[in-house]
Amino acid sequence: MFLIFGLRTKSERLGLVPMDCRVCGQSGSMLLVREITRFSLFFVPLFRVRTKHVLYCTNPLCGARTDIGAGEARRLLAGAPR
C-alpha cells in the first residue's frame with residue numbers, strides 16, 4: 001500500500017502597503033502576502049499547518065522578504081488606502 005502525503009504552500013496577495021523598506025530604506029510600497037501551508041493526503045488538502053504574513057519590497061534592486069505577525073498585518077491593511 002502506498003501513502004502519498006506532503007505539504008503545499010499557497011500565497012495570497014493582500015495588497016500594497018505604503019511604507020519604508022526595513023532592509024534598503026527605500027520609501028514606497030511593500031507587497032503584503034499571506035502564505036498558507038496545508039497538509040495533503042493523496043493530493044487532497046486536509047488541514048492548515050501554518051499561516052505566515054510576509055512583506056516583500058517592490059524595489060527591484062532589493063526584493064527583501066520580511067516576516068511579520070498577523071496583528072501587524074491587520075494593522076497595516078487597516079491603515080492602507082484601498
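Atom set for the values below is all heavy atoms of this structure, side chains included, hydrogens, waters and symmetry mates excluded. Positions are given from 1 along the sequence. Since we're looking at a predicted model, the values are computed, not measured.
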Q: Write out all pairs satisfying ring-ring contact (aromatic ring centres under 6.0 Å, His included) with one or both partners inside residues 1-22, taking only residues at least two apart or from two chains.
A: none

Q: If you look at every heavy atom in Gly69 and His53, which pair is closest and at what distance?
A: O-CB, 4.3 Å

Q: Any link between Val49 and Ile4 through a network of hydrophobic side chains (Ile, Leu, Val, Met, Phe, Trp, Tyr) touching at under 4.5 Å?
A: yes

Q: What is the distance from atom CG of Leu77 to atom CG of Leu14, rounded to the nearest 0.5 Å?
A: 5.5 Å

Q: If you count the non-hydrogen atoms of other residues, nucleotides and ligands that lie under 6.0 Å from CZ in Phe43, is the total more than 12?
A: no

Q: Show me the side-chain donor-acceptor pairs of residues 23-39 shorter than 3.5 Å, one per line, residues at least two apart or across chains.
A:
{"from": "Ser27", "atom 1": "OG", "to": "Asp20", "atom 2": "OD1", "distance (Å)": "3.2"}
{"from": "Arg34", "atom 1": "NH2", "to": "Glu12", "atom 2": "OE2", "distance (Å)": "3.2"}
{"from": "Glu35", "atom 1": "OE1", "to": "Arg65", "atom 2": "NH2", "distance (Å)": "3.1"}
{"from": "Glu35", "atom 1": "OE2", "to": "Tyr56", "atom 2": "OH", "distance (Å)": "3.1"}
{"from": "Glu35", "atom 1": "OE2", "to": "Arg65", "atom 2": "NH1", "distance (Å)": "3.1"}
{"from": "Thr37", "atom 1": "OG1", "to": "Thr9", "atom 2": "OG1", "distance (Å)": "2.9"}

Q: Tell me which pairs pass ring-ring contact (aromatic ring centres under 6.0 Å, His included) where either residue lies in residues 12-35, with sequence neighbours left out.
A: none

Q: Taking only residues at least two apart or on different chains, which pairs with a member in residues 41-52 satisfy salt bridge (Lys or Arg N to Asp or Glu O under 4.0 Å)?
A: Lys52-Asp67

Q: How many angstroms lie between CG in Leu16 and CG in Leu76, if you round to the nearest 0.5 Å?
A: 12.0 Å

